[in-house]
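Here is how names work: the chains are called A, B, and so on, in the same order as the sequence lines, proteins then strands, and each is numbered from 1.
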Amino acid sequence: GEDVEQSLFLSVREGDSSVINCTYTDSSSTYLYWYKQEPGAGLQLLTYIFSNMDMKQDQRLTVLLNKKDKHLSLRIADTQTGDSAIYFCAETDSWGKLQFGAGTQVVVTP
Amino acid sequence: DGGITQSPKYLFRKEGQNVTLSCEQNLNHDAMYWYRQDPGQGLRLIYYSQIVNDFQKGDIAEGYSVSREKKESFPLTVTSAQKNPTAFYLCASSIPGGIGYTFGSGTRLTVV
């Protein structure tokens, strides 16, 4: 089964905030990541957080990390149509490889 | 500009034929990876290589083969033994201790 779990779909209205949630299993992960995939394209690194941090903010993006519950979230403020994409959460496993969740499809409606 | 290039973007093959997907990077990354992506299933690791002339099987290696003769190149061959080869294939690279992976733009393989 998946070591990293995400909900598969999120619909949000343009201008609202989006929150994408993720749970992971490897408590030794040094970094946790959010990747964005637009249709027909590869993944691009959106943001990441070091495991000793609780929060990281980067313009419209806010990452929250709850290590106790192994829960990671990505908040996108003022969601735009260009934010429609698949968002992948990823953790680093004990071998240093990334383990990805199944991805959350975000659809932004006008 | 440094980056990772996958070619071709679209590939069509007849059933029973082997096909090789290209992945080249000029980032001087040591490690390279191949993933398969099917709708709703996220990314599944096929093979990875941490150093030239060495590679390891990932979670779904059956029906695939790779080589790593040069640091820059990590081609993936989809053999006729792969039962369901139609998918989107992604190549990635990284450095030890680095931040995340850099991905190519993918190759969509359709077997008819």
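- Taking hydrophobic clusters as Ile, Leu, Val, Met, Phe, Trp and Tyr residues chained together by side-chain heavy-atom distances below 4.5 Å, Y33(B) does not share a cluster with V78(B).
- I76(A) and L64(A) fall into different hydrophobic clusters, where Ile, Leu, Val, Met, Phe, Trp and Tyr side chains are chained together by heavy-atom contacts under 4.5 Å.
- Atom CZ in F100(A) sits 10.0 Å away from atom CD in Q37(B) (nearest 0.5 Å).
- Counting non-hydrogen atoms of other residues, nucleotides and ligands closer than 6.0 Å to CD1 of I99(B) gives a total above 12.
- Neither the backbone nor the side chain of F9(A) comes within contact range of chain B; no heavy atom of the residue lies under 4.5 Å from a heavy atom of that chain.
- Dense packing is recorded around NZ of K9(B), with more than 12 heavy atoms of other residues, nucleotides or ligands lying under 6.0 Å away.
- Inspection of non-hydrogen atoms places A41(A), G42(A), L43(A), L45(A), Y48(A) of residues 41-56 of chain A under 4.5 Å from chain B.
- V52(B) and M32(B) end up in different hydrophobic clusters when Ile, Leu, Val, Met, Phe, Trp and Tyr side chains are linked at under 4.5 Å.
- Under the 4.5 Å side-chain contact rule for hydrophobic residues, Y47(B) and V19(B) share a cluster.
- Between L98(A) and Y35(B), the closest heavy-atom pair is O-OH, 3.8 Å.
- No single ILVMFWY cluster, assembled from side-chain heavy atoms under 4.5 Å apart, contains both V66(B) and F103(B).
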Check: Should Q37(A) and F88(B) be marked as a side-chain contact (heavy atoms from CB on, under 4.5 Å) after you check the CA-CA gap, both sets of side-chain angles, and the distance that decides it?
Finding: CA-CA 13 Å; Q37(A) 185 182 34; F88(B) 190 54; 3.7 Å; yes

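- Under the 3.5 Å distance criterion, the side-chain polar atoms of Y33(A) are matched with a main-chain donor or acceptor of G100(B).
- Cation-pi geometry between K97(A) and Y48(B) is met: the NZ or CZ atom falls under 6.0 Å from the ring centre, inside 45° of the normal.
- For Y101(B), the parts lying under 4.5 angstrom from a heavy atom of chain A are both the backbone and the side chain.
- Highest contact tally toward chain A, considering only L43(B), L45(B), T102(B), L90(B), is held by L43(B) [criterion: heavy-atom pairs under 4.5 Å].
- Ranked by heavy-atom pairs shorter than 4.5 Å toward chain A, the options C91(B), S105(B), A31(B), S94(B) are led by S105(B).
- Residue contact with chain A, scored on non-hydrogen atoms closer than 4.5 Å, is absent for Q6(B).
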